[in-house]
Chemist: 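Questions regarding the structure given below will be posed in turn.
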Amino acid sequence: MSAIDYSQKIPNNVDLSADRTLQRALEQWQPNYLEWWREMGPDGSLDFDVYLRTATSVDPQGWAHFDYVKMPDYRWGIFLNPAEADRRIHFGDHKGEAAWQDVPGEYRANLRRIIVTQGDTEPASVEQQRHLGLTCPSQYDLRNLFQVNVEEGRHLWAMVYLLHKYFGRDGREEAEDLLERRSGQQDNPRILQAFNEPTPDWLSFFMFTYFTDRDGKFQLCALAESSFDPLARTTRFMLTEEAHHMFVGESGISRVIQRTCQAMNELKTDDPARLRAAGVIDLPTLQRYLNFHFSVTLDLFGADESSNAATFYSTGLKGRFEEGKRADDHQLKGLTYTVLQAKDGRLVEREVPMLNALNEVLRDDYIKDSIGGVERWNKVIEKAGIPFRLRAPHKAFHRNIGSQAGLKVSPEGQVVSETEWAARVDEWLPSATDRAFVTSLMGRVVEPGKFANWIAPPMIGINRQPVDFEYVRFN
Ligand SMILES: [Fe+2]
Ligand SMILES: [Fe+2]
């Protein structure tokens, strides 16, 4: 069951050919998907042969097969982790009952909404990143971008499969709409705001894959606990793909830092102007990009108090991160959680029912996980003997959703006046000048083994290939 059948038009490990109606419906969606890819996928890349990995099975050992593929020929398909025998619901009001193999009528609308919201982010990120190939810092990086893009396409397939199989006509319509919305388009935008922002340069791309794909990880982890078993199984496999996206972000930023520190030591300076003149990204600019992507991503977890979050949990649709490892009763009634609120010009803590605070719980888990990578980046700076340290800003900094929305808070967590904010915002968030500078560094480097000046080469190549391997053939 875990082996993937590649003889089918739609590769799958769900025995798709046994369900003719579903197979036909998905085969009708497939050309529309490909049309979307041709229109909105990576700019000018249709004929490139790209050294990509493809899933061969969902077993941890047999995950990937590497070969040159033209991206429109990538074998997008439907891969679910194997079913767990006799899986039980392990949180919420239905705790102890058998996991659902079908959608309970009373939860249909909420489940559909959860699946559509997740599904919408997948093509959105491909759209956001579609021009980056034109300014890639190396073939190695270009290949990684394309790998992320085809896998986000695969994630769309994962959600569309659920919509088609379990949600009848409504599901089919939602699947069409997922190909109709466009990131950043005025009249038909993507659902979540962070997915309508452009990803204009590679520094933003690396920050996005580190921070925003990590939001993906946490959402998927919460859905992997779902009582709706097909959703749990499909998100578990998506998580193995997500890990690579976060690796691209973490290692990308790490290499930028490495290059900058090298220039700082060569020039014996920490003066941003001199470093910029040398064509590398100064550390304070990196900090501002970090502040931006961290804060924008925190908003994706939703309001700190939310009755929807309580409902999704109690009804068993969406669990917590690592639900199974927690020692409480997994129903959370009567428990409280601390959220922040502005009072008399200060942030104060407030206890609220934990069920209503589950967005905040997930956000706090995310913050812990994110900070781990920031510490690893600091190790690179420390090793270079430079006293600068990167820091994740306070969670109330630059927030647009929840009780801190619109509040002016410094990265250190002090509530500040509008005047102070206006005076200091260019220290805290990328300014137009910063963005213009980063843009000015972006030029296309595609000779194998060559890297743009602002980023260090990776330690090792992909799939143990050399760093100067021909990862993309342009034809
Ligand atoms: Fe994804
Ligand atoms: Fe991703």
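These numbers come from the heavy atoms of this one structure, side chains and all, not from hydrogens, waters or symmetry mates. Counting starts at 1 for both ligands and their atoms, in listed order.
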Chemist: Can you tell me if CZ on Arg391 sees more than 12 non-hydrogen neighbours from other groups inside 6.0 Å?
Modeler: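 Count not over threshold, so no.
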Chemist: Examine all N, O or S atoms of Asp213, backbone included, and report whether one is under 2.8 Å from the Fe ion (ligand 1).
Modeler: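 Checking the Fe ion (ligand 1) against Asp213, no N, O or S atom falls under 2.8 Å.
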Chemist: Mind reading off the angle at the Fe ion (ligand 2) between the ND1 atom of His245 and the OE2 atom of Glu152, rounded to 10°?
Modeler: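 Output for this angle: 90°, rounded to tens.
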Chemist: Looking at the Fe ion (ligand 2), which N/O/S atom of Glu242 is the nearest one?
Modeler: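 The atom in question is OE2.
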Chemist: In terms of side-chain geometry, is the basic nitrogen of Arg154 or Glu151 positioned less than 4.0 Å from the acidic oxygen of its partner?
Modeler: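 Judged by the 4.0 Å cut-off on N to carboxylate O distance, Arg154 and Glu151 do not form a salt bridge.
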Chemist: I'd like to know if the Fe ion (ligand 2) has an N/O/S atom from Glu241 within less than 2.8 Å of it, counting both backbone and side-chain atoms.
Modeler: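 No.
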Chemist: Is it the case that over 12 heavy atoms from other parts of the model lie below 6.0 angstrom from the CD atom of Gln186?
Modeler: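 Counting neighbours around CD of Gln186, 12 or fewer heavy atoms of other residues, nucleotides or ligands fall under 6.0 Å, so no.
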Chemist: How long is the span from the CZ atom in Phe237 to the CZ atom in Phe79, to the nearest 0.5 Å?
Modeler: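 Phe237 CZ to Phe79 CZ: 6.5 Å, rounded to 0.5 Å.
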Chemist: Quick check: does His155 have an N/O/S atom under 2.8 Å of the Fe ion (ligand 2)?
Modeler: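 No N, O or S atom of His155 is closer than 2.8 Å to the Fe ion (ligand 2), so no.
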Chemist: State yes or no: are the ring centers of Trp100 and Tyr107 separated by less than 6.0 Å?
Modeler: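 So the answer is yes for these two rings.
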Chemist: Write the atom name of the N, O or S atom in Glu122 that is nearest the Fe ion (ligand 1).
Modeler: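 Considering only N, O and S atoms, Glu122 comes nearest to the Fe ion (ligand 1) through OE1.
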